[in-house]
Amino acid sequence: MKRPIIYHIPVCPFSQRVEILLDLKGLGDAVDYHVVDITRPRPAWLLEKSRGTTALPILETEDGRILKESLVIMRYVEERFATPRIARSDPFERAVERLVMSREGPFGMAGYRFVMNRDRARTAELRDALLAEYAWLDDALRHHNPDGTWLFDRFGLAELVYTPLMMRFWFLEYYEDFTLPDGLGFARVRRWQEACRAHPAAQQVGFERIVKLYYDYAVGAGNGALPEGRARSSFVFDPDWPARPMPPRDKYDRIAGDAELGLV
Ligand code: GAZ
């Protein structure tokens, strides 16, 4: 039987959202996955499907129609494979879920700007900008479910939108020594983050893989771009990440070469 195809980049947080959603529905193999190498130019056949844009994931339906944007693809999956339902069914709760999800863009951007920065004079400001996003989430979680773990009674849509980003932010723990401050303003979101990262439906990637693959982001090169002095991206498929050493953490002082990173 033909299935929808998701074209994606390994460790891309946006396609992990769709993987988690299908896993929660017990439909892990309802779509096929096609992996795209971000370190090479996009093939012409793929650019034709996307009509020229390069961001992934994109979903292709069985009859060849194309959808872009992870949140749009998630909603398509939720409506097309409607049971079990993952979104809240109560209209007010559904609205709260959407409100919480509406901050995923600024949240993701704040973490990525922080990890990519190499100017020590800007570190405190970028850290505070990310903490402001966490504080907003803490307030929302405390308001809607002060004593629980999730936004409502289980790992749902809001959780699966943020979890891939919170897992990527392991790179901040490693490269920036970033952790949520102790104390009240972050206790609720810390509990949520820990439970989200540990959820069985979200184990497609782990700490070591993220820290190794995102080394280039930590030295300021995003989306498969090559940092200065390097011939190979930290996102290459070969040598694969388990065979490589843990990268150096001194991102402000220098950029490690291909050999040191185990890329040759
Ligand atoms: N809004 C889209 C969605 O699907 O939700 C975002 C998709 C996206 O950015 N995909 C990336 C991509 O295909 C891979 S994952 N890039 C290659 C290209 O040619 O565009 C996240 C960020 C960020 C930078 C990178 C990423 C990331 O901000 O992990 O913010 C959240 C890329 C500077």
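In each ligand, atom 1 is the first atom listed, and ligand 1 is the first ligand listed.
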Considering only non-hydrogen protein atoms, determine which one is nearest to [atom] and report residue, atom name and distance to 0.1 Å.
atom                    : value
atom 1 (N) of ligand 1  : Glu69 OE1, 2.7 Å
atom 9 (O) of ligand 1  : Phe14 CE1, 3.6 Å
atom 29 (O) of ligand 1 : Tyr112 OH, 2.8 Å

Show which residues join Met109 in its hydrophobic cluster (side-chain heavy-atom contacts under 4.5 Å, direct or indirect), or state none.
none
Which atoms of ligand 1 are found less than 4.0 Å from any heavy atom of [X]?
X      : value
Pro57  : 4 (O)
Met109 : 28 (O), 33 (C)
Cys12  : 14 (C), 15 (S)
Tyr214 : 29 (O)
Pro13  : 15 (S), 29 (O)

Check whether Phe178 forms a cation-pi arrangement with Arg127 (NZ or CZ under 6.0 Å from the six-membered ring centre, at most 45° off the ring normal).
no
Side chain, backbone, both or neither: which applies to Tyr7 and ligand 1 if a contact is any heavy-atom pair less than 4.0 Å apart?
neither
Would you mind telling me if ligand 1 is within reach of the side chain of Arg42, the backbone, both or neither, using heavy atoms under 4.0 Å?
side chain
Out of curiosity, is Asn223 lining ligand 1, as in a heavy atom under 4.0 Å away?
yes
With a cutoff of 4.0 Å, is Gly222 in contact with ligand 1, counting heavy atoms of the residue only?
no
Can you see whether Ser70 engages Arg17 through a side-chain donor-acceptor pair at a distance of less than 3.5 angstrom?
yes
Less than 3.5 Å apart, any donor N or O on the side chain of Glu19 or Gln204 sitting next to an acceptor on the other?
no
Between Arg80 and Pro4, is any pair of side-chain heavy atoms under 4.5 Å apart?
yes
Taking the side chain as C-beta and beyond, is there a heavy-atom pair between Leu46 and Val36 under 4.5 Å?
yes
Determine, considering heavy atoms only, which of Val115, Leu213, Leu56 sits nearest to atom 12 (C) of ligand 1.
Leu56
